[in-house]
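Note sheet for the following structure.
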Amino acid sequence: MAKGLTADDLRTEPEDVLVTKLKEAKEELFNLRFQAATGQLESHGRLRTVKREIARIYTVMRERELGIVTVDDAAEDNE
């Protein structure tokens with residue numbers, strides 16, 4: 001996943017891209033947790049970062065579901 005993933009960046013992405021990023025982040029989190037359990041994890045800060053990225057993705061998806069922010073609104077704000 002990209003470093004420095006922000007909610008503003010996510011708001012401009014289509015739904016299918018969000019789902020893909022969410023899947024990738026969950027896979028990475030699984031791998032990081034596995035490494036932590038086996039004592040192979042070098043960067044514990046990455047765990048926290050990935051958890052926050054997952055939360056951001058879920059937040060943007062929920063905003064769209066509730067109609068708070070749409071893709072069009074987010075694109076206009078970034079211009």
Side-chain angles (χ1 to χ4, degrees):
M1 299 220 47
K3 217 171 195 176
L5 192 63
T6 65
D8 289 334
D9 295 338
L10 292 171
R11 286 187 182 106
T12 59
E13 299 289 345
E15 192 73 23
D16 58 336
V17 173
L18 286 179
V19 171
T20 303
K21 286 185 179 189
L22 179 62
K23 183 180 176 190
E24 291 172 357
K26 284 186 169 188
E27 288 176 7
E28 183 178 0
L29 182 61
F30 174 80
N31 290 331
L32 289 171
R33 284 182 172 160
F34 192 86
Q35 289 175 5
T38 59
Q40 298 174 353
L41 185 62
E42 295 178 11
S43 173
H44 292 281
R46 186 67 185 145
L47 271 170
R48 184 178 187 186
T49 304
V50 173
K51 285 181 186 180
R52 288 182 177 195
E53 288 176 0
I54 291 171
R56 282 188 191 104
I57 294 169
Y58 274 132
T59 300
V60 170
M61 292 172 78
R62 183 66 176 157
E63 286 175 345
R64 290 182 185 175
E65 183 180 321
L66 296 174
I68 296 170
V69 176
T70 62
V71 178
D72 297 334
D73 292 341
E76 288 175 5
D77 291 343
N78 286 339
E79 290 179 357

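Distance check: Gln35 CD to Phe30 CZ gives 10.5 Å after rounding to the nearest 0.5 Å. Taken to the nearest 0.5 Å, the CD atom of Glu28 stands 8.5 Å off from the CD1 atom of Ile54. One distance of note links CG of Asn31 with NZ of Lys26; it measures 14.0 Å at 0.5 Å rounding. Here the CG atom belonging to Leu41 is positioned 12.0 Å from the CZ atom belonging to Arg33, to the nearest 0.5 angstrom. One distance of note links CG of Leu22 with CD of Glu15; it measures 10.0 Å at 0.5 Å rounding. Summarising the geometry, atom CG belonging to Leu10 is positioned 9.5 Å from atom OG1 belonging to Thr59; distances are rounded to the nearest 0.5 Å.
In this structure, Ile57 and Met61 have side chains that are in contact, with non-hydrogen atoms separated by less than 4.5 Å.
Listed by chain and residue number, nothing satisfies the salt bridge (Lys or Arg N to Asp or Glu O under 4.0 Å) test with Glu42 (two or more places apart in sequence, or in another chain).
Ion pair Lys21/Glu53 not flagged as a salt bridge, since none of the NZ, NE, NH1 or NH2 atoms sits closer than 4.0 Å to an Asp/Glu carboxylate oxygen.
In this structure, Val50 and Ala25 approach most closely via the heavy-atom pair CG1-O, 3.4 Å. Considering every non-hydrogen atom in both Arg64 and Arg11, the closest pair reads NH2-O, 2.9 Å. In terms of heavy atoms, Lys51 sits closest to Leu29 at CG-CD1, 4.0 Å.
Hydrophobic clustering, with ILVMFWY side chains joined whenever heavy atoms are under 4.5 angstrom apart, keeps Leu5 apart from Val17.
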I would like to know whether Leu32 and Arg46 meet side chain to side chain contact (heavy atoms under 4.5 Å, CB included); could you show each step before the answer? CA-CA 8 Å; Leu32 289 171; Arg46 186 67 185 145; 3.6 Å; yes
Verify side chain to side chain contact (heavy atoms under 4.5 Å, CB included) between Glu13 and Asp9, making sure each step is shown before the conclusion. CA-CA 7 Å; Glu13 299 289 345; Asp9 295 338; 5.7 Å; no
